[in-house]
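Whatever order the structure lists ligands and atoms in, that order sets their numbers, starting from 1.
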Amino acid sequence: MTYENLLVEVKDRIIFLTINRPKALNALNVQTLTEIRHFFSAGYQDHDDFHGVILTGAGDRAFVAGADIKEFLAVAEDGNGETMAQRGHEIFFLIERFHRPVIALVNGFALGGGCELAMACHLRVATENASFGQPEVNLGIIPGYGGTQRLNQYIGKGKATELILTGDRIDAQEAHRLGLVNYVLPQEEAREKAVELLRVIGSKGPIAIQQSIRAINAYYDGKEGYAAEAAAFGAVTKTEDFREGASAFVEKRIANFRGK
Ligand code: CO8
């Protein structure tokens, strides 16, 4: 498969995977998600000769600013919000269950689906300008790519609930304090840190690494929460509030929600 929106660069046994839609702040459209799915399933699944993957966003403003709001407004109007969320879950599970460590190098906005993507990775290294949040409620929807499940895992139910219900954004230092990211560093040092982490991990027994990932994930493997999230996402995408919220974003105005 030829990638339109992903750049793949292999250097010293490390794969740099860059989401390359900087004009849309690397928002995840269907094409990009299809390519991510391909990379983590067909692309490199059977290769063992690399230490791991560093996943980042092109440019210096965003890791990923979320699902592509302009596109999913159209797609969700077909009435398949639940299926869209389920498809997203499957792709993010591929990352979480990948046989080599995947490090999110969060170099700017990690919002909505972008925060969820970073959380599906095994480790997160943030640059000082990074920010995180689940702003879906501003659009009249909820996190749909696992955010209601994974944010709890990293920062606990209380703070996760606050962030999801307010849609507030936090900066990299706060994300570090809460345990959402492993390191916060200036831009160049952040990249070096991610490389160094993969080199250290790459020097260990690959089977031990793979089995560690499998065992860590096993604790969090409950399917019910993800199914509930997909069903809830399907429900909210049927509301007028969702159309209002997403249209307000596209039209660059404040949404007027009416609870319908
Ligand atoms: N989708 C599509 N386009 C986007 C997105 C996005 N998520 N984010 C930014 N863009 C576009 C803008 O529309 C703009 O395009 P244009 O130049 O054509 O107007 C360009 O990127 C630059 O953005 P801004 O002009 O808005 O830049 P600012 O610096 O003023 O603001 C922000 C940066 C704060 C990041 C702002 O762009 C923003 O708030 N973006 C949206 C963030 C957001 O709400 N993310 C969550 C999206 S919903 C989601 O992720 C749900 C996930 C689960 C889905 C499950 C099933 C589908």
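For the pair Leu28 and Asp68, the minimum side-chain heavy-atom distance is 4.5 Å or more.
Salt-bridge check for Arg87 with Glu90: failed, with every basic side-chain N at 4.0 Å or more from each acidic carboxylate O. Remark: Arg21 does not engage Glu4 in a salt bridge, criterion side-chain N to carboxylate O under 4.0 Å. With respect to Glu240 and Arg258, a salt bridge is recorded, a charged nitrogen being found less than 4.0 Å from a carboxylate O. A salt bridge does not link Arg199 with Glu196: every distance from a Lys NZ or Arg NE/NH1/NH2 to an Asp or Glu carboxylate oxygen is 4.0 Å or more. Residues Arg177 and Asp171 are not paired through a salt bridge, judged by the lack of any N-O separation under 4.0 Å between the basic side chain and the carboxylate.
Nearest protein heavy-atom neighbour of atom 44 (O) of ligand 1: Pro135 CG, 3.6 Å. Distance from atom 57 (C) of ligand 1 to its nearest protein heavy atom, with residue and atom name: Met84 CE, 3.1 Å. Counting protein heavy atoms only, atom 1 (N) of ligand 1 is closest to Ile69 N, 2.9 Å. In terms of protein heavy-atom proximity, atom 23 (O) of ligand 1 is closest to Leu25 CD1, 3.6 Å. Given atom 53 (C) of ligand 1, the protein heavy atom at minimum distance is Gly144 N, 3.4 Å. Closest to atom 36 (C) of ligand 1 among all protein heavy atoms lies Phe249 CE1, 4.4 Å.
Less than 4.0 angstrom separates some heavy atom of Gly112 from each of these atoms of ligand 1: 46 (C), 50 (O). Near Ala24, meaning under 4.0 Å from any of its heavy atoms, are these atoms of ligand 1: 4 (C), 10 (N), 21 (O). Against a heavy-atom cut-off of under 4.0 Å, Arg61 is close to the following atoms of ligand 1: 27 (O), 28 (P), 29 (O). Atoms of ligand 1 found under 4.0 Å from any heavy atom of Leu139, numbered from 1 in the order shown, are 44 (O), 47 (C), 48 (S). The contact set between ligand 1 and Leu111, taken as ligand atoms under 4.0 Å from a residue heavy atom, comprises 35 (C), 42 (C). Every atom of ligand 1 with a heavy atom of Lys23 under 4.0 Å away is listed here by number and element: 20 (C), 21 (O).
Taking any N or O of Ile142, backbone or side chain, none lies under 3.5 Å from an N or O belonging to ligand 1.
Nearest-residue assignment for atom 42 (C) of ligand 1 (options Ala65, Ala110, Gly66; heavy-atom criterion): Ala65. Distances from atom 51 (C) of ligand 1 to the heavy atoms of Arg169, Glu136, Glu116 show the closest one on Glu136. Remark: among candidates Lys70, Glu229, Lys252, the nearest residue to atom 13 (O) of ligand 1 is Lys70, based on non-hydrogen atoms.
Annotation: Glu224, atom CD; neighbour count of heavy atoms from other residues, nucleotides and ligands within 6.0 Å does not exceed 12.
When the side chains of ILVMFWY residues are joined at heavy-atom separations under 4.5 Å, either directly or via intervening members, Leu25 and Phe63 end up in two distinct hydrophobic clusters. Criterion: ILVMFWY side-chain heavy atoms under 4.5 Å apart, direct or through other members. Under it, Ile164 and Ile170 are part of a common hydrophobic cluster.
Ligand 1 is never approached by Glu71 to a heavy-atom distance shorter than 4.0 Å. Residue contact check for ligand 1: Gly88 places no non-hydrogen atom closer than 4.0 Å to it.
Note on ring orientation: taking the six-membered ring where Trp is involved, the planes of Tyr3 and His38 are perpendicular (angle over 60°, cut-offs 30° and 60°). Phe93 and Tyr226 have perpendicular rings, their planes meeting at more than 60° on a 0 to 90° scale where under 30° would count as parallel.
Among Val106, Val195, Leu197, the one residue that satisfies the side chain to side chain contact (heavy atoms under 4.5 Å, CB included) test with Val125 is Leu197.
In terms of modelled atom types and a separation under 3.5 Å, the side chain of Tyr154 and the main chain of Met119 share a donor-acceptor contact.
Contacts with ligand 1 closer than 4.0 Å are made by no heavy atom of Val250, backbone or side chain. Contacts with ligand 1 closer than 4.0 Å are made by heavy atoms of both the backbone and the side chain of Ala67.
Annotation: the span from His99 atom NE2 to Gln211 atom CD amounts to 12.5 Å, rounded to 0.5 Å.
Under the 4.0 Å distance rule, the nearest protein heavy atom to atom 19 (O) of ligand 1 falls inside the cut-off. Checking atom 48 (S) of ligand 1 against the protein gives a heavy-atom contact under 4.0 Å. Of the protein's heavy atoms, at least one falls inside 4.0 Å of atom 40 (N) of ligand 1. Atom 30 (O) of ligand 1 lies below 4.0 Å from none of the non-hydrogen atoms of the protein.
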